[in-house]
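The structure appears right after this line, and notes come after that.
Fair warning: this is a prediction, and the values are worked out from it, not measured in the lab. Note that these values count all heavy atoms, side chains included, but never hydrogens, waters or copies made by symmetry.
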There are 2 protein chains.
Amino acid sequence: MATLRYSEFMEWRELDLGNCSVAATLSLVGERWTLLIMREVFAGLHRFDEIADHLGVSRRVLSERLRQLVEVGLLERRSYQEAGQRSRPEYHLTPHAHDLQWVLAALLQYGDTHLGDPAGAPVLLHHSGCGGQVHVELRCSCGHDVPGSEVEPGLGPGAVRVPSEEATLS
Amino acid sequence: MATLRYSEFMEWRELDLGNCSVAATLSLVGERWTLLIMREVFAGLHRFDEIADHLGVSRRVLSERLRQLVEVGLLERRSYQEAGQRSRPEYHLTPHAHDLQWVLAALLQYGDTHLGDPAGAPVLLHHSGCGGQVHVELRCSCGHDVPGSEVEPGLGPGAVRVPSEEATLS
DNA sequence: AGGCTGAGTTCCGGATGGCAACTCTGCGAT
DNA sequence: ATCGCAGAGTTGCCATCCGGAACTCAGCCT
């Protein structure tokens, strides 16, 4: 399956996600190790043992997470063949997965800012076009860069209508 | 404790995080439920039962996560007192926590884009200053808005120096 | 046929989580 | 002063998940 949309996804996971995109995304990548595995693939590791060894995740969990990630369409299995070896699978990002870059970049930026190694950021993100350094921003439709403290969640068009209950972000 | 910096944090968690800010951040907020609990607090829920009931997290886990979040300085315990009741604790965001808004916003945006409810986004983020709609961007120092597919991780000044090993993002 | 290698799978004991019931603490009413 | 109440956890029990190491499996090469 290529990718799941909300409804299929709900059914597949048998979860009531409370109609929230944050929860929906987390049920794709919110399990232990999943985002770190995605980070490794972003960073250029594509093979089972490479990732297991570098990340220190148990082979059992890696195996399961890779299967899930392929299943939801974030990773794609390809074959590679080293000279004199049989062909083996390799895991690559799908186009969907590139949009997780925002999430990883936000986590990276938070860590650099608040848990930063005094020696400086261990990892920087570069723009492959120009080589410049990339960072994450919250931008308002008014054109301004918005600090996190000035962001307020509100209901959107797809909010669940529950007349009897106070409608809060969920 | 107010907030931990990298080294203290490492010691406290007894983890080798592989010198990566993504992993560091995830060890603060990467456990099951933690980001969803933060989302609830961002959304204006501050009390134990409120969060437990709305989110559907078990009281045991909520109790533990709130304790962790206070410990690492993302939430702050305050007292409130309802008329005719004894004073009870309430959980509020610390200034550090506001910078998690980037992470939550990125998760929200991914979910809206790729797992979106056809009815539209259930939650929108607004700029408290002007009421405009806020979204997350990757911006290059060259001034351009960068798609996720054009972002490449590279080593920064704080990267671990391991001469014998290939140095990859970690 | 036998060995090698990468990619998983299996087994086991310990940690974590869900659910529901229980406790604990002040407050106001009896 | 005692009772009951409500919010905020805590505890017990059971199921699931996880880490680590050993094991299996398939194809390529000798």
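Looking at A:Glu150 and B:His127, their side chains do bring a donor and an acceptor atom within 3.5 Å of each other.
For the OP1/OP2 pair of C:dG18 and a distance below 4.0 Å, the side-chain nitrogens and oxygens of B:Trp33 include at least one atom meeting the criterion. One finds no side-chain N or O of A:Arg65 lying less than 4.0 angstrom from the OP1 or OP2 phosphate oxygen of C:dG8. At least one side-chain nitrogen or oxygen of A:Ser63 sits closer than 4.0 Å to the OP1 or OP2 atom of C:dT9. One finds no side-chain N or O of B:Tyr91 lying less than 4.0 angstrom from the OP1 or OP2 phosphate oxygen of D:dG7.
When the P atom of D:dC25 is taken as reference, atom CD of A:Gln85 falls 19 Å away, rounded to whole Å. When rounded to the nearest whole Å, the span between CG of A:Asp49 and P of D:dG20 equals 16 Å. Counting to the nearest Å, the C1' atom of D:dA8 and the CG atom of B:Leu45 are 16 Å from each other. Rounding to whole angstrom units, CG of residue B:Leu55 and P of D:dA8 are separated by 15 Å. If you measure from atom CD of A:Glu82 to atom P of D:dG27, you get 18 Å, rounded to the nearest angstrom. The distance between atom CG of B:Leu62 and atom P of C:dC19, rounded to the nearest whole Å, is 14 Å. A:Glu31 places its CD atom 16 Å from the P atom of C:dT16, with the value rounded to the nearest Å. What separates CZ of A:Arg32 from P of D:dT16 is a distance of 18 Å, to the nearest Å.
Donor-acceptor pairing under 3.5 Å, judged by distance alone, is absent between the side chain of A:Arg88 and the base of C:dA7. Side-chain atoms of B:Arg60 come within donor-acceptor range of the base of D:dG12, with a qualifying N/O pair under 3.5 Å.
Both A:Ser87 and A:Arg59 lie close to DNA chain D; mapped to their nearest nucleotides by heavy-atom distance, the more 5′-ward contact belongs to A:Arg59. Heavy-atom nearest nucleotides on DNA chain C were determined for A:Arg67 and for A:Arg86, and the one closer to the 5' end corresponds to A:Arg86.
The nearest pair of heavy atoms linking A:Val22 to B:Leu104 is CG2-O, 3.9 Å. Closest non-hydrogen pair, A:Val146 versus B:Trp102, comes out as O-CZ2, 4.1 Å.
The pair A:Asp49-A:Arg59 meets the salt-bridge criterion, with a side-chain N (NZ, NE, NH1 or NH2) lying under 4.0 Å from an Asp/Glu carboxylate O.
Nearest nucleotide to the A:Phe48 side chain, out of C:dA7, C:dT5, D:dG9: C:dA7.
Side chain of A:Arg65 to backbone of A:Arg32: a donor-acceptor contact under 3.5 angstrom is found.
Contacts of A:Glu50 with the nucleic acid, taken as non-hydrogen atoms under 4.0 Å apart, are absent. Residue contacts for A:Gln81: at a heavy-atom cut-off of 4.0 Å it reaches the sugar-phosphate backbone alone, with no base atom in range.
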